[in-house]
Structures are given as structure tokens and as C-alpha cells.
Amino acid sequence: MCGIVAYIGKKEAYPIIVKGLKRLEYRGYDSAGVALLHGNDLNLYKRQGKVANLEAFTEDKDRLGHAGIGHTRWATHGEPNDINAHPHYNEDRTMALIHNGIIENYDVLRTELIKLGYQFRSETDTEALVHLIDHIQKKENVSLAEAVRLALLNVVGAYAIVVISKENPNQLVAARKSSPLVVGIGKEDDFYLASDATPIIEYTNNVVYLEDEEIAVVDLQEGLKIFNINNQEKTPYVQQLEMELEALEKGGYEHFMLKEIHEQPRSINDCFRGRLNAQEGWVSLGGVKEYEQKMINAQRIVMIACGTSWHACLVGEYLFEDLARIVVEVEYASEFRYRNPIIGENDIVIAVSQSGETADTLAALELAKSKGATILGICNVVGSSISRITDAGSYTHAGPEIGVASTKAFTAQVTVLTLMALSLAHKKGTISESKYHTMLSELEAIPAKVSKVLESNALIEKIAEEYKNCSNALYLGRGSSFPVALEGALKLKEISYIHAEGYPAAEMKHGPIALIDEEMPVFVIATKGTSYEKVVSNIQEVKARKGKIIAIVTEGDVQVKAMADHIIEIPDTDEHLVPLLATIPLQLLSYHIAVMRGCNVDQPRNLAKSVTVE
Ligand code: G6P
């Protein structure tokens, strides 16, 4: 993972880099560091922990300079300490490098470089690269950019790098393969480089997303030049970003997660915009329209994802199968890619990813593409790698999600999948006209109903108070509420470090029931619908063993209310749309429990938002 930021121009680099690193902390926060070029000094400061530690450490140091690079780390090779933090110097400290990714053959490179007399200070894979560039530049007597290119020809793995050098004070050299990198073209003949556009947007809307195996040189005299690894010059494709700065701020909320939970009425609405009109009776996803017939004809659709996005796919499976009668298989991207999956030209693979950068999802898609499948994407981050390699796709339009635990991105993913399923079902004729129109209206009413659910915040906070000290929790649901149970359990695990498991309600009796005692809270999605009576029986089984029941029920429910320890009501809706509402109380519950336990809600330990390593 890791986040990288760099600047070169007329402004002071340090404040830009530090602000950018804070925006990228979601990518990792094990350590942070900067290297700044000031006159003839290349000053390098780095510290274990968050960017704030780095700031405190550098307070009395020389932080001046108009060119600099910065890094926030999610440790892979070498423990998170000051020495392993980036940037890394070359031997004579004339050059420094930041890296996001993994150099898989670093051991071989390291051994060779040690033989050549290089001394390694850290345990990182990255240090091998800076020494290799240094070695090539000296041996071949070539420019910095050429040395970077030649070095990268020897590298196996993933990288987004930026190199700064005393000998080239007017330029930065960057390159990427499998890890993202964006170049911002400033308004004052200056340049910004970052893992995503969030550190850049404040200064410029003009960006260039580097492609795999491209090397970018930003030079104060010569401007931006891009080459591929075979040394062919490329014309930079400049895009205009539409992101708003306020979307990156907390807007009065204590945490990004809370803000993002509360944004859901709007983010779901944004997801509908121009795609759904219940009054006129249509739904249309422009991005994938030309692939709809292919989806209908496909032998099956494979959905691939990781983490929360995988849960969204599971909801998608219920929707596609029930409404459009299309066979769907949901796969963990990491398993799919190494399983020699049977996949061919008649298959459609849909990748679902908030970041659009998850390494396993990206690799699984590439595999499917190589086997001839049509590949589609559902991503949140515009211009992300997945959105660029897919044949077509639909953005979720949830806006930037900063909290590491995914909330609004999940409901937006489910919304897009619902729109897709409805559109396909209508086209295929597997849904009656009346059901189709009712569902469109129900869907349009969802944002207002989400707002209603959010009004239960105070009640949910009280429930959180009661269970904040539990060590385990069970989440149960059936049908498309089963993925909601999985997602609820994941949210609790991720941010409050309480062990939690999600189960299909009926599976409880095949194992988890053994865990139930008076200490065990069981969160059940027990809304009205096909399996309601069955879930009621499951609740009774829990109560018979003195477990605590916290049930999410449809407004006005009496049966579950009579049995449960607590109920949280959600407005009535079509059964297919329940995940969009039932997820919200579980997000709030995890949030409050985590806050009460003193956890870092937005940046939980050991996690990162964008997992660009395997
Ligand atoms: C990480 C994040 C999760 C996310 C998962 C998949 O584990 O912490 O919140 O669900 O990656 O990420 P993606 O960007 O592909 O949806």
C-alpha cells in the first residue's frame, strides 16, 4: 500500500507534501517521511507512526525547499520503525526515493548490490532499488531518468516511485507498474505527484494518470515528459478532475466514518442521478449499456472483489439471480486468480472495488481478460486502474471515502448492482411490469428512508454502550441479509477489534450456537419478507440459550419486539432493497462501540484502505 506525494515548483514543498500525506494516510500509517531539496542539501526526515509524529520531529529542522518527496507507509518488508520508513537515500546521500508496492526480486538485487559494495541500512525491499539506480547511473554514466528506466528493467514486482536527486535539482523522476500514480500539472509551472488525486485537487484539476511501465519526468525547464519502459516517448493524456475539496474534509463530524455514514442519503442519490426515473419508468446505466445483451446471453457472470466490496457482490448475486435469472458466481479475487479458473469468451467478469486499485482484484481481472472474458468494473475512484483496464463499467459516485472502514461505498455498490439487475431483468422480461415499476419507486424512496434510519442514531448509541465490552459477537441474516450480517461483523472487527462473525441465520445451529451464552450479543436482521418466520425461530433458539438479541426489524414489528432485548426499526421496503437500509444501523453500532473503546475509528490498526499489494 503506502501513499506517496511529491512536489516541484516555486512554492514551499514541505507544507504541500505534509498536507498530501495526511490525505493519503488511509493508505497506511506505520511511518511517514520526507526528503527536501534545499540549496545543496538533500534533507531527509522520517519517523515511525503517523504524519503528525513526523511534523513534531521536524519542527526545529530545515524544512525549506521547492522540491520534495514524501511517503506514508503500510509495512510489508521490515517492521514499522524509523529506519525502514521511506524515503531511502542512496549510499552518498545525493538521491532519495519513495516507493509504493513490492519489489519481489529484492533479495537477488540486494545480494548483488552487497557484492558490489553497497551497504544496506534498512530491511526494506525499496532500498535495493535506490542503490540499483545509483549503481546504474554511475556505471553507465546516464541521466537520472535513464538510470531509473534501466533499473526498472531489472525489477520484478509492483511499484510507484518518485526519485529526487541533488544533481538534478530541477526535476523529479517517477514511474509506475501496478501501483497507482497521478501527475498534477500546476498553474504556476509546477508539478505534483501522488498515489491518488486527493493531495493534488486543491492546487490543480489537470492530471495525468500514468499507465503501467511508464516513466514520467517533471522538469521545471522542460515540463512533463513521459516514456515507456522501452524508451518510447508518449503524449501525456491530460484529464480534468471534478472532485470537490470539501469532500475531503470532515465537515464538522468527529470522524470521517461518521460523516460518510451520514452522507449515504446523498451518495445513494448521486448514484441514481441520470440513471433512474421512476415516474417515467426507466433505469439506464450508460457505461454498460452496450454490454447488456451480452450480460443477458452470458452463461454466467462472475463477480470478483475483496473485503466489503465482496459483500456487495454477494448482495448482487441475490439480485441478479432473483430478478434477472442470470447465474452469478461471487469470488474472492485473491482465490480466483490463483485457482486456474475455468473462464472463457462467453463469460462476463464484473470487478467491484471502491478504490479501483486493489491488487488482487486487478490481477484477477487481468487474468479473466487474458482468457477472453468481457471485463466490467464497478468502482468509486474515477480514473483508477480497474476503471481503466475494464471494457466498460459504472462508477458508484459515492465521493471520496476516507475512513478505512467502508460505508457509503458499500451502499453505492449495492445501488449500482440493483440498478444493473433491474435493467437486465426488464430487458430480459424476467420481471413483471408492475413489479419493475414498484421497485423503481421503492428504490427512489431509499435515500429518504436511509435518512429515517439515521434518526435512530441516539438509540443505537445507547445499545452500543451496553455491548461495548463484549469479546465476541454474532451477526445473523438470511437471503440478501446474510451479506449484511457479514458486513456488520466485518465493521465491528475492523474498527473495534471485537471478534465477530456473520452467518446465514439457519447455519447457526451447525456450530456457532455452541458459543451462545448470556455474554453473547447476537445481531439479527429480522425484517419482513420470505424468511421472516424462519429467522424468528432462530431468535427463539438464541433466547433459549440466554443469548442477547439485538434485532433490526421492519417498522411496526411486534413479534420480534416481544422476544428481542433491543430492536432497531427500519422503514418498510421491497425485500430486495433491505440491504441498503439494514446495513446503516450496523455501521453506526460499530462506529459507536469503537469510539467508546477508544479506538482510532478512521485508521484502525494494521489496516489500510487501498490494498495495492497481494
Ligand atoms: C481493504 C479495505 C476495505 C475494502 C477492501 C477492498 O481491505 O480496508 O474497506 O473493502 O480493501 O477494497 P476495494 O477498494 O477493492 O473495494
Side-chain angles (χ1 to χ4, degrees), residues 1 158 178-180 212 285 287-288 291-292 294-296 298-321 324 326-381 384-396 398 401 406 409-421 424 480 482-483 486-487 490 502 579 608-614:
M1 267 79 79
S178 303
S179 299
D212 266 356
L285 280 164
V288 291
Y291 287 87
E292 277 191 336
K294 206 161 179 191
M295 284 163 100
I296 288 168
Q299 267 158 19
R300 60 176 182 160
I301 293 178
V302 182
M303 295 185 185
I304 52 171
C306 304
T308 289
S309 302
W310 186 79
H311 297 155
C313 292
L314 287 181
V315 179
E317 179 180 19
Y318 283 93
L319 294 165
F320 274 51
E321 293 202 345
I326 296 173
V327 180
V328 172
E329 281 169 30
V330 177
E331 300 265 7
Y332 283 116
S334 55
E335 288 298 312
F336 178 84
R337 62 182 289 202
Y338 286 117
R339 220 195 39 232
N340 193 13
I342 301 166
I343 199 110
E345 285 170 14
N346 293 329
D347 290 316
I348 304 232
V349 176
I350 305 181
V352 179
S353 173
Q354 187 287 127
S355 62
E357 300 294 348
T358 303
D360 281 320
T361 311
L362 200 53
L365 263 189
E366 275 160 359
L367 175 73
K369 191 177 188 167
S370 73
K371 289 179 181 279
T374 299
I375 56 168
L376 306 177
I378 297 177
C379 296
N380 193 37
V381 176
S384 55
S385 299
I386 291 176
S387 65
R388 283 180 297 130
I389 72 155
T390 38
D391 297 312
S394 293
Y395 283 119
T396 44
E401 192 182 64
S406 186
F410 174 76
T411 45
Q413 290 165 343
V414 172
T415 303
V416 169
L417 288 164
T418 310
L419 292 170
M420 261 187 198
L424 292 172
S480 59
F482 161 52
L486 290 176
E487 178 57 11
L490 178 65
K609 187 149 193 72
S610 181
V611 183
T612 54
V613 295
E614 275 194 51

**Prompt:** Does a side-chain heavy-atom distance below 4.5 Å link Pro483 with Tyr318?
**Reply:** yes
**Message:** Give me the atom names and distance for the closest heavy-atom approach of Ala392 to Gly287.
**Reply:** CB-O, 3.3 Å
**Fill in**
Minimal heavy-atom distance between Met420 and Leu285, with the atoms involved, is CG-CD1, 3.3 Å
**Prompt:** Any side-chain heavy atom of Pro341 sitting closer than 4.5 Å to one from Leu367?
**Reply:** yes
**Message:** Using 0.5 Å steps for rounding, measure from the CG atom of Asp360 to the CG atom of Leu365.
**Reply:** 11.5 Å
**Asked** Closest heavy-atom contact between Cys313 and Ile304?
**Response** SG-O, 4.3 Å
**Request:** With side-chain contact (heavy atoms from CB on, under 4.5 Å) as the test, would you mind laying out the steps for Lys371 and Asp347 before giving the verdict?
**Result:** CA-CA 10 Å; Lys371 289 179 181 279; Asp347 290 316; over 6 Å; no
**Message:** Phe410 and side chain to side chain contact (heavy atoms under 4.5 Å, CB included): which single residue from Leu490, Thr308, Thr396, Val352 fits?
**Reply:** Thr308
**Fill in**
Correct closest heavy-atom pair for Ala158 and Ser178 would be CB-CB, 3.8 Å
**Asked** Do Leu486 and Trp310 come within less than 4.5 Å of each other through their side chains, counting heavy atoms only?
**Response** yes
**Request:** Would you give the length of the straight line joining atom OH of Tyr291 to atom CD1 of Ile296, rounded to the nearest 0.5 angstrom?
**Result:** 15.0 Å
**Item:** Nearest heavy-atom neighbours spanning Arg337 and Ala359
**Value:** NH1-O, 4.2 Å
**Item:** Closest heavy-atom pair and its distance - Ala412, Ala398
**Value:** CB-CB, 3.9 Å
**Item:** Residue from His311, Gln354, Glu401 passing side-chain hydrogen bond (donor to acceptor under 3.5 Å, both in side chains) with Ser406
**Value:** Glu401
**Message:** Please report the interatomic distance CD1(Ile343) to CD(Glu331), rounded to the nearest 0.5 Å.
**Reply:** 8.0 Å
**Request:** Test Arg300 against every option in Val327, Ile326, Val349 by the side chain to side chain contact (heavy atoms under 4.5 Å, CB included) rule and name the one that passes.
**Result:** Val327
**Request:** Please confirm whether the backbone N or O of Ser385 pairs with a side-chain atom of Glu357, one donor and one acceptor, at under 3.5 Å?
**Result:** yes
**Message:** Between Ile350 and Met295, is there a side-chain heavy-atom distance shorter than 4.5 Å?
**Reply:** yes
**Whether Asp391 side chain and Thr374 backbone form a donor-acceptor pair below 3.5 Å** = no
**Item:** Interatomic spacing from SG in Cys379 to OH in Tyr395 - rounded to 0.5 Å
**Value:** 7.0 Å
**Gap separating the CD1 atom of Ile348 from the CD atom of Gln299, nearest 0.5 angstrom** = 11.0 Å
**Request:** Would you mind reporting whether Thr361 and Ile386 have side-chain heavy atoms less than 4.5 Å apart?
**Result:** yes
**Prompt:** Rounded to the nearest 0.5 Å, what separation is found between the CG atom of Leu424 and the CD1 atom of Ile301?
**Reply:** 6.5 Å
